[in-house]
Amino acid sequence: MPELPEVETIARQLRARGVEGKTILTVKVNWAPTIQPLSVAQFSRQVRGQTIDTISRVGKWMLFSLRSGQTLMIHLRMAGSFSMEQGSHDRIVMKLSDGLTLYYRDTRKFGRWKLVDDPQVILGNLGPDALTRRFSRHYFKDTMKNRHRMIKPLILDQGIVAGLGNIYADEALWEAQIHPERLSDSLSDEELERLFRAIKHVLNIGVRNRGTSLGAGKTNYRDVEGESGGHREKVKAYGRGGKPCTRCKMLLERTVVAQRGTTYCPACQRI
DNA sequence: GAAGACCTGCTA
DNA sequence: TAGCAGGTCTTC
């Protein structure tokens, strides 16, 4: 579930909680596949005693830079989250210096932690982060015009642009008034301009609201403080199938595009 | 492209 | 109880 705004929120909160500069005293791994290919013993040995120098984010990856020079790269996938309080699906627990304990919670067990010498081995496969200047309108328009794919799966492709997931992709397309199945090379310069701005806009608003949460269950997004994301009420398209478009009052339609649930306005977003 | 795999829990 | 979920990977 976490997309760029949710991961950014979590990274900021971990920094605010003072996790940077702390030393990892002990590590307990309760679900070994999270840290594959390393064994629990190897992982613990390499991480224990390390100081977390900085916490950063690229796309949906969170990066803990360790004093050793290695980087702990964390992908939350569908349901990963962090908490400073013990919970019911804590897959990794790290005791830090100064009495802090970090709980990595992941109901669905999809999240992955990778301890790497060089983060570029993973980041090199990603397109530019959507909220950086590297993700420029020039790059975006060029890339879209040179592909012949449906626009929604294209902007979801992390190798093209890093950070968008299913919620913010639907939101950006709704805002730009572009049908999710439009072919990328059929979009006019004006449409691409709108979409470029919409992508930056919906992600920035998402960050400002500390992410999006939908339901109320254990798989639902929570930030480090256990709060739901404030962007919930601001969603215009995602999950609103059958409800009126806030722009034109037409009922939003729900379909499947490239195997992902997709909601759009059949009047504002024409094929 | 598409479909299945990886998982658990919520909703209808 | 079946179907679906914010993500990615692998294998056709």
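Lettering of chains follows the sequences in order, A, B, ..., and the numbering in each one begins at 1. All values reported here derive from a predicted model rather than from experimental measurement.
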### Query
Has A:Phe110 got its ring stacked on the base of C:dT8, with centres under 5.5 Å and planes less than 30° apart?
no

To the nearest Å, how far apart are [X] [atom1] and [N] [atom2]?
| X | N | atom1 | atom2 | value |
| --- | --- | --- | --- | --- |
| A:Arg108 | C:dG7 | CZ | C1' | 9 Å |
| A:Asp157 | C:dT8 | CG | C1' | 11 Å |
| A:Arg260 | C:dA5 | CZ | C1' | 9 Å |
| A:Asn220 | B:dT8 | CG | C1' | 14 Å |
| A:Lys152 | B:dG1 | NZ | P | 15 Å |
| A:Met78 | B:dT8 | CE | P | 14 Å |
| A:Lys109 | C:dG7 | NZ | P | 21 Å |
| A:Glu3 | C:dA5 | CD | C1' | 12 Å |

Taking atom types as modelled and ignoring hydrogens, do the side chains of [X] and [Y] form a donor-acceptor contact shorter than 3.5 angstrom?
| X | Y | value |
| --- | --- | --- |
| A:Thr51 | A:Thr23 | yes |
| A:Glu253 | A:Tyr264 | yes |
| A:Thr107 | A:Thr219 | no |
| A:Arg222 | A:Ser228 | yes |

### Dot-bracket notation for DNA chain B, counting Watson-Crick and G-U pairs under 3.5 Å, with | for partners on another strand
||||||.|||||

I'd like the [atom1] distance from [M] over to [N], given in whole Å.
| N | M | atom1 | result |
| --- | --- | --- | --- |
| C:dT1 | B:dC6 | P | 22 Å |
| C:dA5 | B:dG1 | C1' | 22 Å |
| B:dA12 | C:dG6 | P | 16 Å |

### Query
Just how far is it from atom OH of A:Tyr168 to atom CD of A:Glu175, taken to the nearest 0.5 Å?
12.5 Å

### Nucleotide nearest A:Arg77 when distance is taken to its side chain, options C:dA5, C:dT8, B:dT8
C:dT8

### Summary
Exactly one of A:Lys60, A:Arg134, A:Arg57 clears side-chain hydrogen bond (donor to acceptor under 3.5 Å, both in side chains) with A:Asp129, and that residue is A:Arg57

